[in-house]
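Report on the following structure.
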Amino acid sequence: MSLNRATGHARAQTSSVLAVTACFLVVALVLTGLVTHVVATMTRSANEMDDARAGRAAQAGVAALVSRLSGTTTDNAVWDDAYAAIGSAAASDWAYENWGKTSANYPLYDGAIVIGPDGAIVSAYAKGEPFQPRDLFGEAFDRQIEAAASPRKEPIINFLKTESGVALVASQAIQPFAAGAALPKLSVLSFYKELTPDVLDTLSDEHELEGLHLAPAPMQGLLSTPVKDINGAAIAYLVWPSVAPGTAVFHKVYPYIAAAVVILVLFLVGVLFAGTSEARRLRELAESARFEASHDSLSGLLNRHGLLNALDHLNNSGDTPMSLYLIDLDGFKAVNDAWGHAVGDDLIRIIARALPTCHHEIAAAARLGGDEFALVQIGASPYEEVEEAILGLFAGSFKLDGRTIETGASIGAAVSAANVAPLELLRRADMALYRAKENGKGHGVEYNPELDRDRQRIAELEGELRNAINSEAIEPAFQPLVSASTGAIIGLEALARWPSAAGNISPEVFIPLAEKSGLIDALGIHMLRRSVAHAKNWNGLTLSVNVSPIQLCNPDFGAQVIAVLTDFAFDPARLTLEITEGVLITNPDQARRSIDQLKSIGIRFALDDFGCGYASIGALRQFGFDRMKIDRSLVSGVGEAGNGADVLRATISLATALGIPVTAEGIETAEQAAVLRDAGCDQLQGYLVGKPVSADEISQKLFQEYPRWDRAQA
């Protein structure tokens, strides 16, 4: 009995499963049928509604064309001057001047015809050239002329068949505007417009009838509306494809419908196997989730989370030394820009396969995102050996689908010590990588505590810089700019100076720091304000102020400079802003906008350090520099062996040919000054003619050397 009971129980369970499955199947089929009916009805209805709209639009387009030509005909036929002229001996000439000549390029009609009361052609021009209308339109034209010969306010307008296609012809008796006594049989003015592809394109654009064109008969699969002649017979058809929005929408949702059907079938099948497959599915899902949580999807290597787990595990697995290497690809962005992200992804995969095998002590590899990788070394091999193995992978080029791609790598390494957490080890390696990229690409740096101390000093210096700007501790020093011909001071360049308790801090230190920390805008405006505040009292002298490329790329820079000049009532023509060529490369469009805005109020611009970079003649012309400053490296070459003086003269000749005045900086000897003066340099700057000094010292120097200036200021 127990066996029978068990068998019956199994059969009951089977029947239940079959019943449930059958129930699901019936419900699914009913729902599928209903959804199919609804989708088909909506698709068909949407198509029919849009086709009806398109038909009305086509008729409206034809009506609009008829209306325009009809109005044009009435405006010209019901006209006192036309009535008088056509009845005179000069009718033909008058008709040509007013209508025939206009037909050459008039958008409202292609031809103008005047038929006299006797049926003779007074004037007939098509596209500005004489023609025979009866040859073009046939006997239907004479019938229309006969019907239009009697005075009436409305023109007769019909489509007529031509040798080249179909034309819309409007005819109306030429008559005076005011109603009067009975008129004799009148001359008839006719305008015609051919239904050319351009005309149909215009109708298509105006009435949303894409693909509209003429056909001799309705075309299978296309919508159409007839074009009827004077007899009411169709002489052509306007045809266009149906947009079929319902079908288009259906095609878009079809994959989802198909997917839904597949899912339904799979669901019904899955009901039969749910009991045996559910546990396996959950296990596989859990394993997949664990893998995805710890691995990078592109390369298959560990991700950041997986790397930290691996570091924690490997660090606790024994006493063998462990090191972490962070690798950042050099030039990878250029690969993406040049070849696209697909090629970049392929390169990432190739490198991901090569890195774990570059050294036998590599125990784990990870991709931390973008073009940054990590390697974990377990072993005592020296850092230099592993670094050499890593860099060796990038010594050659990579071949991808016939492309030769070169990329390098920068490496930061950190050795695990006692009680160093994985996050701290990662931070140390990242610090070393940052220093490696700062020092130049293509090599590695091993972490040492001095890197943290350097970072701390930079952070402290950044805070001091912020305080110095806010407290106005940074002041300008002024270096004279003298005339090369007279030796007189004609201007001053403002140079930032930061005195601190530990001594003067070099601009070569705090200006790059200000650019990196986002303080350069505040520092630049502060320097401009202080410089202008001093220079406003030195009438007759120009003021030059250096501008960082980051400042010039700020959209608010122009307004900030103008506000400073307004606050101090400083003449913009006395101010020269000196910029380096870097801004011309990083963001030329914004630089051009800022330069144009400030030049429009009289501010001048000088290209600084010319000769030490890549500034081109095109850049000098494009940006309209008012002055060129020759870099001190060219000036210092005057006294050295070689062709330094010739290069300097050639540079000045180039500026002279472009009509750009030249300032030479870094002049330290009389020989340099003489060569520059003879070469045509008009302005000199350097220790020979004046060192940077404070504003008070400049004022004293001016009082001593220019007593008239002293009395004028007093």
Side-chain angles (χ1 to χ4, degrees), residues 58-83 85-86 91-116 120-138 140-149 152-175 177 186-207 212-214 227-230 235-236 238:
Q59 294 171 2
V62 172
L65 186 63
V66 169
S67 177
R68 283 195 294 267
L69 190 60
S70 175
T72 301
T73 304
T74 298
D75 290 343
N76 286 271
V78 184
W79 184 13
D80 293 341
D81 291 350
Y83 178 72
I86 295 303
S92 177
D93 293 340
W94 193 93
Y96 172 73
E97 290 298 326
N98 286 272
W99 300 319
K101 183 190 295 185
T102 307
S103 68
N105 56 8
Y106 196 51
L108 294 181
Y109 56 80
D110 298 324
I113 308 160
V114 179
I115 303 297
I121 298 173
V122 176
S123 175
Y125 287 88
K127 294 297 183 181
E129 299 294 334
F131 80 111
Q132 291 296 325
R134 291 183 174 90
D135 293 343
L136 180 64
F137 300 118
F141 178 73
D142 287 329
R143 291 167 55 196
Q144 180 161 320
I145 295 300
E146 183 66 26
R152 60 165 69 191
K153 291 297 184 182
E154 298 296 330
I156 294 177
I157 186 163
N158 289 292
F159 287 99
L160 299 181
K161 183 76 173 177
T162 69
E163 294 179 356
S164 59
V166 176
L168 180 62
V169 183
S171 303
Q172 189 169 11
I174 301 175
Q175 55 195 288
F177 182 80
L186 301 172
S187 297
V188 177
L189 170 65
S190 298
F191 289 146
Y192 80 86
K193 183 71 176 178
E194 292 187 15
L195 296 188
T196 62
D198 289 340
V199 172
L200 295 179
D201 287 344
T202 301
L203 288 179
S204 173
D205 293 339
E206 291 176 348
H207 298 279
L212 182 69
H213 62 280
L214 272 180
V227 177
K228 298 182 179 180
D229 63 4
I230 192 171
I235 56 175
L238 289 173

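Scope of the values below: all heavy atoms of this structure, side chains included, with no hydrogens, waters or symmetry mates. Nothing fancy with the numbering, it's 1 onward along the sequence.
For Asn98, there are no side chain to side chain donor-acceptor pair (under 3.5 Å) partners at least two apart in sequence or on another chain. Applying the side chain to side chain contact (heavy atoms under 4.5 Å, CB included) rule to Thr196 yields the partners Glu194, Asp198, Val199; only residues at least two apart in sequence or on another chain are considered. For the side chain to side chain donor-acceptor pair (under 3.5 Å) test, residues two or more places apart in sequence or in another chain that qualify with Lys101 are Glu97. Take Ala82 and apply the side chain to side chain contact (heavy atoms under 4.5 Å, CB included) test, not counting sequence neighbours, and it matches Trp79, Trp94, Trp99, Ile174. Scored by the side chain to side chain contact (heavy atoms under 4.5 Å, CB included) test, Ser67 finds no partners at all (sequence neighbours excluded). Among residues two or more places apart in sequence or in another chain, the ring pair (Phe, Tyr, Trp, His ring centres under 6.0 Å) test is passed with Tyr83 by none. Remark: Val62 pairs with Val66, Phe159, Leu238 by the side chain to side chain contact (heavy atoms under 4.5 Å, CB included) rule, at least two apart or across chains. Partners of Asp75 under the side chain to side chain donor-acceptor pair (under 3.5 Å) rule, at least two apart in sequence or in another chain, do not exist in this structure. In this view, Arg143 and Asn231 satisfy the side chain to side chain donor-acceptor pair (under 3.5 Å) rule, not counting sequence neighbours.
Summarising the geometry of Ala149 relative to Val188, their closest heavy-atom pair is CA-CG2, 3.6 Å, with the distance given to 0.1 Å. Shown here for Tyr125 and Gly128, the closest heavy-atom pair between the two residues is CD2-O, 3.7 Å. The two residues Ser103 and Ala126 come nearest to each other via the heavy atoms OG-C, 4.1 Å. Shown here for Gly100 and Ala112, the closest heavy-atom pair between the two residues is N-CB, 4.4 Å. The minimum heavy-atom distance linking Ala91 with Ile86 is given by the pair CB-O, 3.3 Å. When every heavy atom of Pro107 is checked against every heavy atom of Lys193, the shortest pair comes out as O-NZ, 2.8 Å.
Atoms CD and OG1, from Gln175 and Thr74 in turn, are 8.5 Å apart once rounded to the nearest 0.5 Å. One distance of note links CZ of Phe191 with CG of Leu69; it measures 8.0 Å at 0.5 Å rounding. How far OG of Ser204 is from NE2 of His213: 11.0 Å, rounded to the nearest 0.5 Å.
Among Ile157, Leu195, Leu108, Thr202, the single residue meeting the side-chain contact (heavy atoms from CB on, under 4.5 Å) criterion with Leu65 is Leu195.
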Please tabulate, one pair per line, all N/O donor-acceptor pairs under 3.5 Å involving side-chain atoms of residues 162-171, not counting sequence neighbours.
from   : atom 1 : to     : atom 2 : distance (Å)
Thr162 : OG1    : Ser164 : N      : 3.4
Thr162 : OG1    : Gly165 : N      : 2.9
Thr162 : OG1    : Gly165 : O      : 3.1
Ser171 : OG     : Gln144 : NE2    : 3.0
Ser171 : OG     : Ser190 : OG     : 2.7

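Using a 4.5 Å heavy-atom threshold, the side chains of Ile115 and Ile121 count as touching. The shortest side-chain heavy-atom distance between Phe137 and Ile113 falls under the 4.5 Å cut-off.
Among pairs with a residue in residues 125-138, those fulfilling salt bridge (charged side-chain N to carboxylate O under 4.0 Å, His left out) read Asp110-Lys127, Arg134-Asp142, at least two apart in sequence or across chains.
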